[in-house]
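Chain identifiers are assigned alphabetically (A, B, ...) following the order of the sequence lines, protein sequences preceding nucleic acid strands; residue numbering begins at 1 within each chain.
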Amino acid sequence: GPKVLQIPSHQIIDMGQMVTLNCDPVSNHLYFYWYKQILGQQMEFLVNFYNGKVMEKSKLFKDQFSVERPDGSYFTLKIQPTALEDSAVYFCASSLDWGVGEQYFGPGTRLTVL
Amino acid sequence: AQSVTQPDARVTVSEGASLQLRCKYSYSGTPYLFWYVQYPRQGLQLLLKYYSGDPVVQGVNGFEAEFIKSNSSFHLRKASVHWSDSAVYFCAVSGNSNNRIFFGDGTQLVVKP
């Protein structure tokens, strides 16, 4: 079936540095999402994005977070600066439709902030 | 408040046995319910979903789930498991008022040969 790719699979950085997580969504999908899963906890919604704009964001989507999809390329999550509590697995998803549209998930990027 | 509870962190069954993974949800509004499976180093894959209609929904690989509104439950079942079913299973809820999915903690299924 359709696949969402995420690059890299694992990223280790020092606290305070900037990091960009990359997502290659399903090619004809229009809606894009990021979810965060801290080890041992539930996967939680961060943000969704459509037509170049953030549609919804949760309280986990701090001011240090930003998303974009320049020119239809990767959908990115940037964290600047990073903090220790940002260590988690970040899952990207995409869907064709809003609401009942099925979200396809990537394998996740494990971010470790030292 | 929206939430999903999967009370069993780990379930171990023998190959060929039947399976039930439990899920209860809390959602203010009409719920859309999902079961996803995650194999190692892969993304979540949708097993099945319930939006409306017949409360028993069929999914891939012989999985099914039953929506019981009175109990706020959406348990996943399979009549006979295979070793390849070993994975982590996530129950999730969403709705037509927004586009965010709320996930449970996941249940690790181990199928013994």
Side-chain angles (χ1 to χ4, degrees), chain A residues 1-10 21 23-26 29-51 53-61 88-110, chain B residues 1-10 22-27 29-53 57-61 65 67 87-108:
Chain A
K3 287 202 185 301
V4 175
L5 305 177
Q6 289 188 241
I7 302 158
S9 57
H10 195 174
L21 308 183
C23 172
D24 188 8
V26 178
H29 283 185
L30 302 174
Y31 299 88
F32 313 106
Y33 314 81
W34 284 103
Y35 291 81
K36 176 183 179 181
Q37 185 178 34
I38 294 174
L39 186 65
Q41 299 185 22
Q42 291 176 337
M43 193 179 317
E44 293 187 89
F45 170 84
L46 279 177
V47 66
N48 57 26
F49 186 87
Y50 169 74
N51 199 25
K53 289 182 253 190
V54 169
M55 302 290 287
E56 295 178 278
K57 57 185 180 181
S58 72
K59 60 179 187 291
L60 296 180
F61 193 77
V89 179
Y90 291 83
F91 292 92
C92 172
S94 68
S95 69
L96 184 59
D97 300 308
W98 179 264
V100 301
E102 178 181 338
Q103 294 183 25
Y104 290 81
F105 285 81
T109 293
R110 180 175 297 279
Chain B
Q2 291 87 328
S3 66
V4 176
T5 302
Q6 293 179 248
D8 304 308
R10 184 180 171 101
R22 296 183 291 165
C23 171
K24 297 199 76 170
Y25 68 90
S26 172
Y27 194 80
T30 303
Y32 298 149
L33 295 157
F34 309 86
W35 275 98
Y36 285 87
V37 61
Q38 186 177 32
Y39 298 101
R41 293 173 297 282
Q42 294 186 30
L44 296 170
Q45 298 172 32
L46 185 67
L47 273 181
L48 50 79
K49 59 191 178 190
Y50 171 80
Y51 293 152
S52 64
V57 291
Q58 306 296 322
V60 298
N61 297 335
F67 169 58
V88 181
Y89 291 79
F90 293 91
C91 181
V93 66
S94 181
N96 62 357
S97 60
N98 60 57
N99 216 26
R100 59 178 72 184
I101 296 179
F102 296 87
F103 288 90
D105 288 336
T107 297
Q108 171 89 50

Could you look at B:Q38 and say if it's the side chain, the backbone, both or neither that has a heavy atom under 4.5 Å from chain A?
side chain

Between A:S9 and chain B, with a heavy-atom cut-off of 4.5 Å, which part of the residue counts as in contact: side chain, backbone, both or neither?
neither

Quick check on ring pair (Phe, Tyr, Trp, His ring centres under 6.0 Å): which of B:F103, B:Y39, B:F90, B:F34 does A:F105 satisfy it with?
B:F103

For the residue pair A:M43 and B:Y36, establish whether any side-chain heavy-atom pair is separated by less than 4.5 Å.
no

Please rank A:Y31, A:F45, A:Y104 by heavy-atom pairs under 4.5 Å with chain B and give me the top one.
A:F45

Exercise: identify the closest heavy-atom pair between A:E56 and B:R100:
OE2-NE, 3.8 Å

Side chain / backbone / both / neither for A:Q37 at chain B, heavy atoms under 4.5 Å:
side chain

Hey, does B:I101 have a side-chain heavy atom less than 4.5 Å from the side chain of A:Y35?
yes

CD of A:Q103 to NZ of B:K49: how many Å apart, nearest 0.5 Å?
11.0 Å

Pick from B:G106, B:G43, B:G104 with the largest number of heavy-atom pairs that fall under 4.5 Å of chain A
B:G43

